[in-house]
Protein chains: 2
Amino acid sequence: MQISDLSEATGVPVPTVKYYLRERLLHPGVTVSRTRARYDASHVERLTLVRALTEVGGLSLAAARRVLAAIEEPDLSPVDVMAVAQRSLPGVAGARPAAGTSTTTGAYAGRDHEAGHDLAPPCDAPGAPDSRSRRFVAGRGWQVHPGDPVLDELDAAWEACDRAGLGLDEERMTRYADAVEQIGRTDVESVPQTSPQAAVRHVVLGTVLVDPVLAALRRLAQQHVAVSSSASARSGMLAP
Amino acid sequence: MQISDLSEATGVPVPTVKYYLRERLLHPGVTVSRTRARYDASHVERLTLVRALTEVGGLSLAAARRVLAAIEEPDLSPVDVMAVAQRSLPGVAGARPAAGTSTTTGAYAGRDHEAGHDLAPPCDAPGAPDSRSRRFVAGRGWQVHPGDPVLDELDAAWEACDRAGLGLDEERMTRYADAVEQIGRTDVESVPQTSPQAAVRHVVLGTVLVDPVLAALRRLAQQHVAVSSSASARSGMLAP
DNA sequence: TGACATTGGAGAGTATCACTATCCAATATT
DNA sequence: AATATTGGATAGTGATACTCTCCAATGTCA
């Protein structure tokens with residue numbers, strides 16, 4: 001299989017494949033002569049994964065490279081790999097990529113942590129020991145690492161909802177958390193027990209790739225609920 | 001309140017505020033002299049919203065502009081605004097706008113600025129009349145518009161999970177959908193009944209800003225579930 | 001054998017995005 | 001009067017993700 005076949009098999013243009021090779025997002029093929037290299041199924045798989053991560057998961061190429069490196073590193077313990085992967089993943093809002101189904105050309109950078117100005121500066125001590133999110137998860141009995149950056153992201157996202165006047169109070173958060181706990185249970189149950197590597201791969205990719213599935217489901221569920229409730233309430237909400 | 005106060009109140013640098021004014025992401029202040037314009041609380045609010053949309057929601061400035069235009073357009077019926085907003089929203093992955101309306105980049109003022117809203121979308125191509133996602137939602141009895149692009153995004157995201165070998169089968173999807181339906185119910189219940197405009201604003205912003213909250217909750221829930229289940233199963237999963 | 005296409009490798013070029021920087025003359029402030 | 005700030009404008013920056021062009025070596029087919 002040469003580069004043109006690889007390109008055709010994945011739908012990725014040849015120059016882009018070359019670019020990915022240059023950028024080490026794709027491992028080199030076996031050089032068979034000075035102008036020929038052979039690629040195989042592993043390249044198809046990797047290329048597909050890169051595109052899934054960037055187009056569906058919304059990762060930047062840099063973030064995708066880190067994720068791939070993390071799940072393919074054989075010398076780390078699962079705990080280490082998870083730590084690396086967690087750090088490799090962009091923030092929860094980091095997704096932002098191509099939309100369309102046909103013109104899928106979007107791309108964008110995951111927003112890692114830029115040192116940009118914060119919004120309204122509500123106290124931001126490095127390593128806030130306590131915060132609304134921390135209290136919330138503690139109140140539910142969730143056992144999470146208090147230093148986990150996801151908690152800070154949750155704080156920021158929650159704050160943003162407040163400032164937008166969305167009325168996201170504790171009660172609503174509790175209802176969300178109940179539902180999300182089900183999702184988390186399903187997530188964890190679906191992790192393969194075959195090997196630590198397989199488990200890590202599954203969790204990391206599941207984090208990135210299933211989020212869009214859930215987001216889409218949410219929009220559809222909103223539509224369904226709105227339509228079925230407006231059947232009795234006669235309001236024109238949510239017709240696309 | 002002048003531009004420096006606005007900047008200080010929001011944490012957005014003055015040159016960036018100027019940029020947003022140029023790009024009509026922020027409505028101009030009241031010109032009080034040739035070198036002075038007055039801004040008020042509405043500017044603070046708008047600026048905060050723009051930053052929330054871009055930093056938390058992960059939208060591009062172009063997408064944020066469309067969203068803001070949609071929720072602030074007073075001449076459209078709620079149904080129209082919802083339709084516009086749905087199309088303005090990026091894909092489920094927090095997608096960037098693919099193409100089509102991005103001709104706005106000019107540093108040359110006014111060229112297309114006065115042309116106002118790009119609120120006239122071309123009709124959707126029919127696309128796939130049937131797909132796994134369509135069958136899935138139909139099978140659950142969800143009433144959604146069959147031409148909704150979110151269905152295509154769900155197809156793409158689901159496909160990507162398959163190709164990554166995540167084993168996202170119908171059963172798991174059903175479990176996700178059950179949980180997400182709860183979320184959708186909570187979403188719809190929280191929509192204010194005061195005015196159609198307020199409702200539209202709430203739904204649109206809720207779609208963009210609550211997704212990150214849910215994504216963060218999901219990661220925390222995974223952690224919690226993994227930790228509490230590994231308490232008995234002694235596997236080293238998910239320790240950050 | 002020869003015409004023609006493809007390949008790997010490399011570098012340069014392009015488009016978009018989201019800012020920054022610099023300049024100006026007209027005002028405010030002190 | 002001295003200094004600072006403002007609105008308005010143009011131009012420049014850095015990051016990202018490609019895309020293009022070139023090359024000689026090498027395949028492939030007639």
Side-chain angles (χ1 to χ4, degrees), chain A residues 1-8 11-26 28-39 43 47 50-51 53-55 58-65 90 94 96-98 103-112 114-117, chain B residues 1-8 11-26 28-39 43 47 50-51 53-55 58-65 90 95-111 113:
Chain A
M1 187 182 233
Q2 43 192 46
I3 203 170
S4 52
D5 304 309
L6 181 56
S7 167
E8 200 164 321
V12 179
V14 171
T16 304
V17 175
K18 285 181 169 187
Y19 171 67
Y20 287 172
L21 285 166
R22 245 181 299 160
E23 295 294 312
R24 300 164 176 281
L25 280 147
L26 188 59
V30 178
T31 309
V32 90
S33 83
R34 194 195 285 227
T35 64
R36 219 115 297 201
R38 218 171 12 223
Y39 304 93
H43 294 87
L47 206 40
V50 169
R51 294 300 261 207
L53 253 23
T54 55
E55 295 187 349
L59 301 198
S60 67
L61 291 184
R65 179 166 37 226
R96 54 219 320 259
T103 44
T104 334
T105 325
Y108 181 64
R111 181 172 302 264
D112 292 61
E114 312 178 13
H117 294 245
Chain B
M1 187 183 236
Q2 40 192 45
I3 202 169
S4 52
D5 304 309
L6 182 56
S7 167
E8 199 164 322
V12 179
V14 171
T16 303
V17 175
K18 285 183 171 186
Y19 170 67
Y20 287 173
L21 287 165
R22 271 202 304 279
E23 294 293 314
R24 83 195 197 296
L25 278 147
L26 187 60
V30 178
T31 308
V32 92
S33 85
R34 195 194 284 230
T35 65
R36 220 113 296 201
R38 217 172 10 229
Y39 304 92
H43 294 88
L47 207 40
V50 169
R51 294 300 263 208
L53 252 22
T54 56
E55 295 187 347
L59 301 199
S60 67
L61 292 183
R65 177 165 43 224
R96 319 298 269 145
T101 48
S102 62
T103 44
T104 316
T105 339
Y108 298 110
R111 178 162 82 74
H113 287 207

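Lettering of chains follows the sequences in order, A, B, ..., and the numbering in each one begins at 1. FYI, side chains are in, hydrogens and waters are out, and symmetry mates aren't considered; it's all heavy atoms of this structure.
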**Q** Can you identify which nucleotide, out of D:dC18, C:dT20, D:dA17, has its nearest atom closest to the A:Thr16 side chain?
**A** D:dC18

**Q** Check the distance between C:dT27's P and B:Arg38's CZ and give it to me in whole angstrom.
**A** 16 Å

**Q** Could you state the CE-C1' distance from B:Met1 to D:dT5, rounded to the nearest angstrom?
**A** 16 Å

**Q** Between B:Ala37 and A:Ala62, which residue's closest nucleotide on DNA chain D lies nearer the 5′ terminus?
**A** B:Ala37

**Q** Is there a side-chain contact between A:Tyr19 and the phosphate of D:dC20, meaning an N or O under 4.0 Å from OP1 or OP2?
**A** no

**Q** Round to the nearest Å and state the distance from A:Leu47 atom CG to D:dC18 atom P.
**A** 11 Å

**Q** Can you tell me how far the CG atom of A:Leu53 sits from the CG atom of A:Leu25, to the nearest 0.5 Å?
**A** 9.5 Å

**Q** So, applying side chain to side chain contact (heavy atoms under 4.5 Å, CB included) with A:Val12, which one of A:Val17, A:Leu6, A:Val50 is it?
**A** A:Val17

**Q** Any sub-3.5 Å donor-acceptor pair from B:Arg24's side-chain atoms to B:Arg65's backbone N or O?
**A** no

**Q** Tell me the interatomic distance from A:Leu59, atom CG, to D:dT16, atom P, rounded to whole angstroms.
**A** 13 Å

**Q** Write down the distance between CG (B:Leu26) and P (C:dA18), rounded to a whole number of angstrom.
**A** 16 Å

**Q** Over how many whole Å does the gap from A:Ile3 atom CD1 to C:dG9 atom C1' extend?
**A** 10 Å

**Q** Grab the N/O contacts between the protein and nucleotides 27-30 of chain D below 3.5 Å, and write none if there aren't any.
**A**
unit_1 : atom_1 : unit_2  : atom_2 : d
D:dG27 : OP1    : A:Ser33 : OG     : 2.8

**Q** For the side chain of B:Ser4, starting at C-beta, report the closest nucleotide among D:dG7, D:dC18, D:dT5.
**A** D:dT5

**Q** Rounded off to whole Å, could you give me the CG-to-C1' distance for the A:Leu6 and C:dG8 pair?
**A** 14 Å

**Q** Got a second to check how far A:His43's NE2 is from A:Leu21's CG, nearest 0.5 Å?
**A** 7.0 Å

**Q** Find the distance between OG1 (B:Thr16) and CG (B:Leu26) and round it off to the nearest 0.5 Å.
**A** 11.5 Å

**Q** Can you tell me which nucleotide in D:dT19, C:dG8, C:dA18 comes closest to the side chain of A:Lys18?
**A** C:dG8

**Q** Among all residues two or more places apart in sequence or in another chain, which pass the side-chain contact (heavy atoms from CB on, under 4.5 Å) test with B:Ser33?
**A** B:Thr35, B:Arg36

**Q** Which nucleotide in the list D:dC18, D:dC20, C:dT7 gets nearest to the side chain of A:Pro15?
**A** D:dC20

**Q** Say you draw a straight line from CE of A:Met1 to CZ of A:Arg38; how long is it, rounded to the nearest 0.5 Å?
**A** 12.5 Å

**Q** So does A:Arg22 reach the base of C:dG8 with its side chain, donor to acceptor, closer than 3.5 Å?
**A** no

**Q** Atom OH of B:Tyr39 and atom C1' of D:dT6: how far apart are they, to the nearest Å?
**A** 9 Å

